[in-house]
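In what follows, chains are A, B, ... by sequence order, proteins preceding strands, each numbered from 1.
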Amino acid sequence: MLDLKFVVENPAAVKANCVARNVSADITAEIDAVVALDRERKTLQFEVENVRRRQNEVAQATGKEKDVEKRNELVAEGKRLKGDVGINEERLKTLEVELKSRVGRIPNMTHPDAPVGATEDLSVELRKVGTPRVFDFKPRDHVDLGRSLDLIDFEAGGKVSGNGFYFLKHDAVLLEMALQHFAIRTLVSRGFTPVITPDLARVSILEGIGFNPRGAETQVYSVENTDLCLIGTAEITLGGLHADEILESAQLPIKYVGLSHCFRTEAGAAGRASKGLYRVHQFTKIEMFAFTEGTLEASGALHLELLKIEEEIFTALGIPYRVLDICSGDLGGPAYRKFDLEAWMPGRGEAGEYGEVTSTSNCTDYQARRLNVRYKPTGQKGTKFVHTLNGTAIALSRAMIAVLENYQRADGLVDVPEVLKPYLGKDLIGRR
RNA sequence: GGAGAGGUGGCUGAGUGGUCGAAAGCGACGGUUUGCUAAACCGUUGAACGGAGAAAUCCGUUCCGGGGGUUCGAAUCCCCCCCUCUCCGCCA
């Protein structure tokens, strides 16, 4: 969430940002309410604090007073004060809760260079890298390849777990593990700490990251009779890793590469491009997550580093991709700026299409404030909120689509990308 | 799952109703000493919010796992929840 003080001091800028981000009008309208509520809160806080000061004085004096009569007078005053402060305290507490919930709905501010636009088609393509391969046969999609080579079993997935689930078999298993290993090794060599995270997390952590597990539109599975949810991404657990901590400047930046399973209900996604592995309820993902000092210089630089790593991974895999600078309307709540990589998928659409494979966001202090992750800046008093960033290293299901479709051969088998051969242990997918 | 013990500042840890935001140690920071490093010695050292001030800083409120309660007064007593440890059970 945003800093309440910032909202109160810059209501016009915050409103303009909400408009650019295409959030629902009632959120924009709430900004005035926030300003008014905050004013009321301050007045009330002043009153409550005054009464409490007197209460404290009386309580201390009572302890020291030896004379029984005077002591009884003090106790009487204490009782009176206790009654006085009650109503205001209740109101203050209510106000604070309400303010927090209202401010929490306001999206993060936006990077000045991010394209302004309400809908996703207004995101800007920064560059295309690699040339889509020209096939001398009609390329098949990964569903077809997966079935014919007995790599992916959607029917069995449907039977056991429902639509949107699948079994990986044979070389698909080796391919997935090779991609995992390749990605993690790449990140470790760049100074990231490898982590395997829990696949479930508390509601409070989900909320801190900016998910809303209880809404009607939620993308998140909840576990009945607990406060746990299945995570939609390791961003949730990695972000929560340092919740309520005060880090030392010298520790920063902290860079993690996390492995987790990801679970998504994909509510409301029916009808969207969702064939095969592209949109599924469960997949494995290698996720980068970083905590930096709370300056735009620090997080901005690391954001570019995360993007560069994502590009290096897909370049190494030999898969053509394009980079999108995501427009204001499609940033989601927490992101200050976001870049997506879309990989070329020859089997998608009529003659191949780019499909999203990674996404990296700079969330500045938006998540850190709610998760309460701070650091002590060297040479300064007090603490500051860190900045958090996340980025996909490899989402296995979608990377698998790209590999299978780009590396397929006329004979129906699939070549193994050069960098994966040592990890996969063979040169050809599908031959047994 | 059963029984017990705990959760206190950046860390370790004392504190069982008032003088406690909290001893002591460690760490960190500043200084003295020193050819450098180390050691020793002296000093400083929690956070959030609000108010005053040009600022250094000062004042107030809140915070001892979280939430409620008792009391004039709670780190300390009571209730609920979360977490950690030990033992037992079960198990990959």
Contact class for [X] (heavy atom, under 4.0 Å): base, sugar-phosphate, or nothing?
| X | answer |
| --- | --- |
| Asn56(A) | sugar-phosphate |
| Gly63(A) | base |
| Thr383(A) | sugar-phosphate |
| Lys64(A) | nothing |
| Arg71(A) | base |

Using atom types as modelled, flag every donor-acceptor pair under 3.5 Å from a side chain in residues 158-166 of chain A to any protein atom, sequence neighbours excluded.
unit_1    : atom_1 : unit_2    : atom_2 : d
Tyr166(A) : OH     : Gln282(A) : O      : 2.7

inquiry  = Taking any atom closer than 4.0 angstrom to a non-hydrogen atom of chain A, what span of RNA chain B does the protein reach, first nucleotide to last?
reply    =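 Footprint of chain A along RNA chain B, 5' to 3': rG18(B) to rC83(B).
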key: Non-neighbouring partners of Glu356(A) that pass side chain to side chain donor-acceptor pair (under 3.5 Å), sequence neighbours left out   =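 For Glu356(A) there are no side chain to side chain donor-acceptor pair (under 3.5 Å) partners, ignoring immediate neighbours.
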Taking a pair as Watson-Crick or G-U wobble with both distances under 3.5 Å, which nucleotide is matched to [N]?
| N | value |
| --- | --- |
| rC29(B) | rG43(B) |
| rC20(B) | none |
| rA38(B) | none |
| rU57(B) | rA52(B) |
| rG6(B) | rC83(B) |
| rG1(B) | rC88(B) |

Taking [M] as the reference, what is the distance to [N] when you measure between their [atom1] atoms (whole Å, please)?
| N | M | atom1 | result |
| --- | --- | --- | --- |
| rA74(B) | rU84(B) | P | 30 Å |
| rU37(B) | rG31(B) | P | 13 Å |
| rC42(B) | rA56(B) | C1' | 23 Å |
| rA75(B) | rG18(B) | P | 10 Å |
| rU76(B) | rA23(B) | C1' | 16 Å |
| rC90(B) | rC81(B) | P | 27 Å |
| rG25(B) | rC85(B) | C1' | 23 Å |
| rA40(B) | rG4(B) | C1' | 46 Å |

request  = Decide if atom CG of Leu304(A) counts as having more than 12 heavy atoms of other residues, nucleotides or ligands within a radius under 6.0 Å.
outcome  =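 Atom CG in Leu304(A) is crowded, with more than 12 foreign heavy atoms closer than 6.0 Å.
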message = Just by distance, no angles: are the side chains of Thr392(A) and Lys285(A) close enough, under 3.5 Å, to form a donor-acceptor pair?
response =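 The answer is no; no qualifying pair exists.
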inquiry  = Please list all pairs meeting ring-ring contact (aromatic ring centres under 6.0 Å, His included) that have one or both residues in residues 92-116 of chain A, counting only residues at least two apart or in different chains.
reply    =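 Found His111(A)-Tyr336(A).
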key: Ion pair check, Glu9(A) and Lys5(A), cut-off under 4.0 Å   =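 The answer is no: the pair does not qualify as a salt bridge.
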ask   = Can you list every pair that meets salt bridge (charged side-chain N to carboxylate O under 4.0 Å, His left out) and has a residue in residues 327-341 of chain A, with sequence neighbours left out?
value =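 Every salt bridge (charged side-chain N to carboxylate O under 4.0 Å, His left out) pair that includes a residue of residues 327-341 of chain A, provided the two are not neighbours, is Asp325(A)-Arg337(A).
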key: Summary of salt bridge (charged side-chain N to carboxylate O under 4.0 Å, His left out) pairs that have at least one residue in residues 292-317 of chain A, sequence neighbours excluded   =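 As it turns out, the salt bridge (charged side-chain N to carboxylate O under 4.0 Å, His left out) pairs with a partner in residues 292-317 of chain A, which skip direct neighbours, are Arg127(A)-Glu311(A), Arg190(A)-Glu312(A), Lys255(A)-Glu305(A), Lys308(A)-Glu312(A).
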message = By nearest heavy atom, map Arg53(A) and Lys79(A) onto RNA chain B; which one lands nearer the 5' end?
response =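 It is Arg53(A), whose closest nucleotide lies nearer the 5' terminus.
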